[in-house]
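Below is one structure; the comments refer to it alone.
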Amino acid sequence: MDLYHWLPRRKSRLGRPAYEPLKLFLALLLKIRENIPYDTVLVRKIRENETYRKFCGFGSRNIPSHDTISRFNRKLTERRLQTIISKIDRRLADIGAFDRDDLAIDATDVLSNGRNRHNPDPEAGYGYKSDKERFHGYWVVSVAGTKSELVRAVRVTPANVHQSVTAQQLFDDLQSRELCGATLLMADSAYDDKKTYSRCIELGLVPLIAYNPRKARVKDFTLVKSSNWRKRSLGTEGLSLYQRFYRDRAAVERYQSTFKELLNGRSLPVRGLVKVTRHLLLTCILSQLIGCLLYTSPSPRDLSTPRMPSSA
């Protein structure tokens, strides 16, 4: 896997030689992992810390300015980052990280960067968590492996966009993934709708989705008619699988806990959907690369990225 081919490069041949895209990309990952708020602070810490310089691949006299890092960051579009996520996912599949996995989908809330209560992020939205607590921010909707606890696909939306709508985009992403024999997809009651069931079946997955009585207007699932599309989709065998394996859905929640740890308490240093999406997808890529290091012990050259430095 070589990330170099998927990173933006300067096309002009005029001026000084450009910095290698991979080194700038690693600097951005370092910024997220160490919770460094600004590019100016990042450059200063790289100058002062030899471990940081080695991780990024910079020499002591060849360190980019904060403007260079900022320009490179702006070139990382959502489409480009999603391509990188899919390539790393392919690498994880090749090394057997997903061989025993089924899939689980869930959303986690990320609070917006509000300078104060009178100046919230205008592109964020208001949403409700499972405990009915209202928040202002974004949803990070993820599909993760039940055994590996690694992300397979991810999307970011304002919190006022329902999770089941975003799930349709994730199913589009999963169509291009190597599912490695996965047969089940677990989800909570937020995804209990006909489209989710249909897309799961199209992908060859059995939908083990928690019953939502408010949508069906029947209090107990056992009282739902056998002609109902839920029971027809699952069948007798599907109901048995639900009882045996639905608890594995907790894997996606454990992944989200790891994701939040990388965000240092779900904090967002940026505002606006484009910048927030870029920041959160970079965090997702960081978690994938850590997963690569956990499942294999290759040389840094094989992964096209060195090991993450310890906190300094």
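Quantities reported herein were computed from a predicted structural model and do not represent experimental measurements.
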If only side-chain N and O atoms count, and only distance matters, is there a donor-acceptor pair under 3.5 Å linking Tyr255 with Ser287? yes

Check step by step if side-chain contact (heavy atoms from CB on, under 4.5 Å) holds for Gln169 and Thr166. CA-CA 5 Å; Gln169 297 176 314; Thr166 312; 3.8 Å; yes

Taking salt bridge (Lys or Arg N to Asp or Glu O under 4.0 Å) as the definition, give me every residue that meets it alongside Arg254, ordered by chain and number, with sequence neighbours left out. Glu149

Are any of the side-chain heavy atoms of Glu123 and Ser112 separated by less than 4.5 Å? no

Could you verify whether a donor N or O on one side chain and an acceptor N or O on the other, from Asp193 and Thr196, lie under 3.5 Å apart? yes

Considering only heavy atoms from C-beta outward, does the side chain of Leu263 approach that of His279 to under 4.5 Å? yes

Around atom NZ of Lys23, are there more than 12 heavy atoms of other residues, nucleotides or ligands at under 6.0 Å? yes

So, Asn113 side chain and Leu268 main chain: donor-acceptor pair closer than 3.5 Å or not? yes

Just verifying a value: how many Å separate Tyr38 OH and His66 NE2, rounded to the nearest 0.5 Å? 13.0 Å

Any idea which heavy atoms bring Pro158 and Ala124 closest together, and the distance? CB-C, 4.3 Å

I want to check something: taking the side chain as every heavy atom from C-beta on, are Leu174 and Phe171 in contact at a cut-off of under 4.5 Å? yes

Answer with yes or no whether the hydrophobic clustering places Leu294 together with Leu262; edges join I, L, V, M, F, W, Y residues whose side-chain heavy atoms lie under 4.5 Å apart. yes

pair Asp89-Gln288: side-chain heavy atoms closer than 4.5 Å: yes

Are the side chain of Asp101 and the backbone N or O of Lys147 linked by a donor-acceptor pair below 3.5 Å? yes

Going only through I, L, V, M, F, W and Y residues with side-chain contacts under 4.5 Å, is there a path from Leu81 to Leu92? yes

Result for side-chain contact (heavy atoms from CB on, under 4.5 Å) between Arg155 and one of Leu280, Asp173, Thr277, Asp172 points to Asp173

Straight-line distance of Tyr191 OH to Leu208 CG, nearest 0.5 Å: 15.0 Å

Check Pro120 against His136 and note the closest heavy-atom contact, atom names and distance. CB-CE1, 3.6 Å

Spatial distance of atom OG (Ser164) from atom CG (Asp192) [nearest 0.5 Å]: 10.0 Å

Could you pull out every donor-acceptor pair under 3.5 Å between side chains of residues 58-65 and any protein atom, sequence neighbours left out?
unit_1 : atom_1 : unit_2 : atom_2 : d
Ser65  : OG     : Thr68  : N      : 3.3
Ser65  : OG     : Thr68  : OG1    : 3.1

At their closest point, which heavy atom of Ala93 faces which heavy atom of Asp99, and how far apart are they? O-OD1, 4.5 Å

Between Gln163 and Val141, is there a donor-acceptor pair closer than 3.5 Å when you use the side chain of the first and the backbone of the second? no

Once rounded to the nearest 0.5 Å, what's the spacing between atom CG of Leu289 and atom SG of Cys284? 9.5 Å

What about Ile95 and Val151, same hydrophobic cluster or not, with Ile/Leu/Val/Met/Phe/Trp/Tyr joined at side-chain heavy-atom distances under 4.5 Å? yes

Can Asp102 and Thr146 be counted as having a side-chain donor-acceptor contact under 3.5 angstrom? no

Is the number of heavy atoms from other residues, nucleotides or ligands within 6.0 Å of CD (Glu50) greater than 12? no

Side-chain (Gln82) to main-chain (Ala153) donor-acceptor, under 3.5 angstrom: no

Measure from the side-chain N and O atoms of Arg278 to the backbone N and O of Asn73, and report whether any donor-acceptor pair falls under 3.5 Å. yes

Against Ile36, only a single residue in Val43, Ile46, Val41 fulfils side-chain contact (heavy atoms from CB on, under 4.5 Å); can you say which? Val41

Can you check side-chain contact (heavy atoms from CB on, under 4.5 Å) on Leu241 and Thr183, steps first, answer last? CA-CA 11 Å; Leu241 291 172; Thr183 57; over 6 Å; no

If the test is side-chain hydrogen bond (donor to acceptor under 3.5 Å, both in side chains), which one of Lys129, Glu253, Lys260 qualifies with Thr108? Lys260

Kindly indicate whether the side chain of Leu7, heavy atoms from C-beta on, has any atom under 4.5 Å from the side chain of Ile84. yes

Could you state whether Leu29 and Leu76 fall into the same hydrophobic cluster, counting links through intermediate Ile, Leu, Val, Met, Phe, Trp or Tyr residues with side-chain heavy atoms under 4.5 angstrom apart? yes

Report yes or no: does Thr77 contribute a side-chain atom to a donor-acceptor pair with the main-chain N or O of Arg80 at less than 3.5 Å? yes

Electrostatic pair Asp94:Arg90 at N-O distance under 4.0 angstrom: yes

Could you go step by step and tell me if Phe259 and Val154 meet the side-chain contact (heavy atoms from CB on, under 4.5 Å) rule? CA-CA 12 Å; Phe259 185 85; Val154 62; 5.7 Å; no

Do Arg53 side-chain atoms and Arg47 backbone N/O form a donor-acceptor pair below 3.5 Å? yes

Minimum heavy-atom distance Cys56-Ala27, with the two atoms named: SG-CA, 3.7 Å

Could Glu48 and Lys45 be called an ion pair, given the rule that one side-chain N must be under 4.0 Å from one carboxylate O? no

Should Val161 and Val110 be counted in the same cluster of Ile, Leu, Val, Met, Phe, Trp and Tyr side chains packed under 4.5 Å apart? no

Ile32 CD1 to Leu282 CG distance, which is reported to the nearest 0.5 Å: 4.5 Å

Residues in salt bridge (Lys or Arg N to Asp or Glu O under 4.0 Å) with Asp248, at least two apart? none

On a heavy-atom basis, the closest approach of Phe135 and Tyr128 is CE2-N, 4.0 Å

When Leu184, Asp106, Leu185, Ile105 are each screened for side-chain contact (heavy atoms from CB on, under 4.5 Å) with Arg249, the one that passes is Asp106

Check: Tyr246 side chain, Ala187 main-chain N or O, donor-acceptor pair, under 3.5 Å: yes

Between Trp139 and Asp109, is there a donor-acceptor pair closer than 3.5 Å when you use the side chain of the first and the backbone of the second? no

Please round to the nearest 0.5 Å and tell me the distance separating atom CD1 of Ile88 and atom CG of Leu150. 11.0 Å

If only atom types and distance count, is the side chain of Arg177 paired as donor or acceptor with the main-chain N or O of Arg152 below 3.5 Å? yes

